[in-house]
Amino acid sequence: MLNLGGIAVIFISLAVVDTFSEAPRTRALWAISQLMLGFVAMYGGQWWAYFQCRQRDAEVRATTALGVSLTIWRAALRGLPQTRWPVYVGFWGFVMVISAVGIIGIRE
């Protein structure tokens, strides 16, 4: 499931580049939208993981969830398979961010 979502994001990004190759402004708007949605998914997954992990892991505190927190992600990975959905959402968001910049590109 984790890999399928990431692969789907990459294929969609490649399709956007192919479809909007002659419309750089539209491609840039798509890339910015995908970038923002990716950040929302990453932080949404992190907060979801925080709420699932805070009870059983003493290292996980609300202050660690304010930025990108490796503490929360380590706790989420240790909590697998119960925390699989926050990990999926966070990973898919990360792939969205990387592919928005690396594949689609935000340039004219």
Side-chain angles (χ1 to χ4, degrees):
M1 187 72 155
L2 181 72
N3 291 334
L4 289 176
I7 290 168
V9 168
I10 291 169
F11 277 122
I12 290 169
S13 298
L14 290 170
V16 166
V17 169
D18 187 47
T19 303
F20 298 120
S21 62
E22 299 300 319
R25 291 186 193 277
T26 305
R27 193 176 71 230
L29 180 62
W30 183 285
I32 290 169
S33 300
Q34 183 173 320
L35 184 72
M36 292 299 139
L37 184 60
F39 278 125
V40 168
M42 275 182 10
Y43 285 112
Q46 180 173 295
W47 276 97
W48 190 0
Y50 161 73
F51 285 115
Q52 286 190 351
C53 296
R54 68 181 174 169
Q55 303 292 336
R56 67 173 178 267
D57 199 323
E59 292 180 349
V60 175
R61 293 185 279 290
T63 55
T64 60
L66 296 176
V68 175
S69 174
L70 295 178
T71 304
I72 292 174
W73 290 114
R74 276 194 304 268
L77 291 174
R78 282 193 303 264
L80 287 172
Q82 292 82 14
T83 57
R84 68 184 173 273
W85 283 105
V87 171
Y88 292 165
V89 171
F91 176 74
W92 296 337
F94 177 72
V95 173
M96 288 176 81
V97 168
I98 297 302
S99 64
V101 175
I103 296 174
I104 301 171
I106 306 175
R107 61 189 178 280
E108 198 168 325

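When a residue number appears, it is its place in the shown sequence, counting from 1.
- Closest non-hydrogen pair, I103 versus V17, comes out as O-CG2, 3.4 Å.
- The two residues Q34 and M96 make their nearest non-hydrogen contact at NE2-O, 3.2 Å.
- Residues passing the side-chain contact (heavy atoms from CB on, under 4.5 Å) test with V40, sequence neighbours excluded: none.
- The side-chain heavy atoms of L14 and I10, taken from C-beta on, include a pair separated by under 4.5 Å.
- Residues satisfying the side chain to side chain donor-acceptor pair (under 3.5 Å) test with Q52, not counting sequence neighbours, are none.
- Residue pairs meeting the side chain to side chain donor-acceptor pair (under 3.5 Å) criterion with at least one member in residues 81-95, sequence neighbours excluded, do not occur.
- What you find for G45 and P86 is that their closest heavy atoms are O-CB, 3.5 Å.
- Residues satisfying the side-chain contact (heavy atoms from CB on, under 4.5 Å) criterion with V89, sequence neighbours excluded, are A41, W48.
- Residue A49 comes nearest to I72 through the heavy atom pair CB-CG2, 3.9 Å, listed as atom of the first residue, atom of the second, then distance.
- Within a 6.0 Å radius of CZ in F20, more than 12 heavy atoms belonging to other residues, nucleotides or ligands are found.
- With sequence neighbours left out, R78 forms a side chain to side chain donor-acceptor pair (under 3.5 Å) with D57.
- Under the 4.5 Å side-chain heavy-atom criterion for grouping Ile, Leu, Val, Met, Phe, Trp and Tyr, W73 is not connected to V95 through any hydrophobic cluster.
- Scanning for side-chain contact (heavy atoms from CB on, under 4.5 Å) contacts around F39 gives L35, M42, Y43, V97, with sequence neighbours left out.
- Under the 4.5 Å side-chain heavy-atom criterion for ILVMFWY residues, no single connected hydrophobic cluster contains both F91 and L4.
- Across every non-hydrogen atom of A75 and R56, the tightest pair is O-NH2, 4.3 Å.
- Q46 places a side-chain N or O within 3.5 Å of a backbone atom of S69 that can act as its donor or acceptor partner.
- Within 6.0 Å of the CZ atom in F11, the count of heavy atoms belonging to other residues, nucleotides or ligands does not exceed 12.
- Cluster annotation: I7 and V87 are assigned to distinct hydrophobic clusters (Ile/Leu/Val/Met/Phe/Trp/Tyr, side-chain heavy-atom contacts under 4.5 Å, transitive).
- Taken together through direct or relayed side-chain contacts under 4.5 Å among Ile, Leu, Val, Met, Phe, Trp and Tyr, L77 and L2 form parts of separate hydrophobic clusters.
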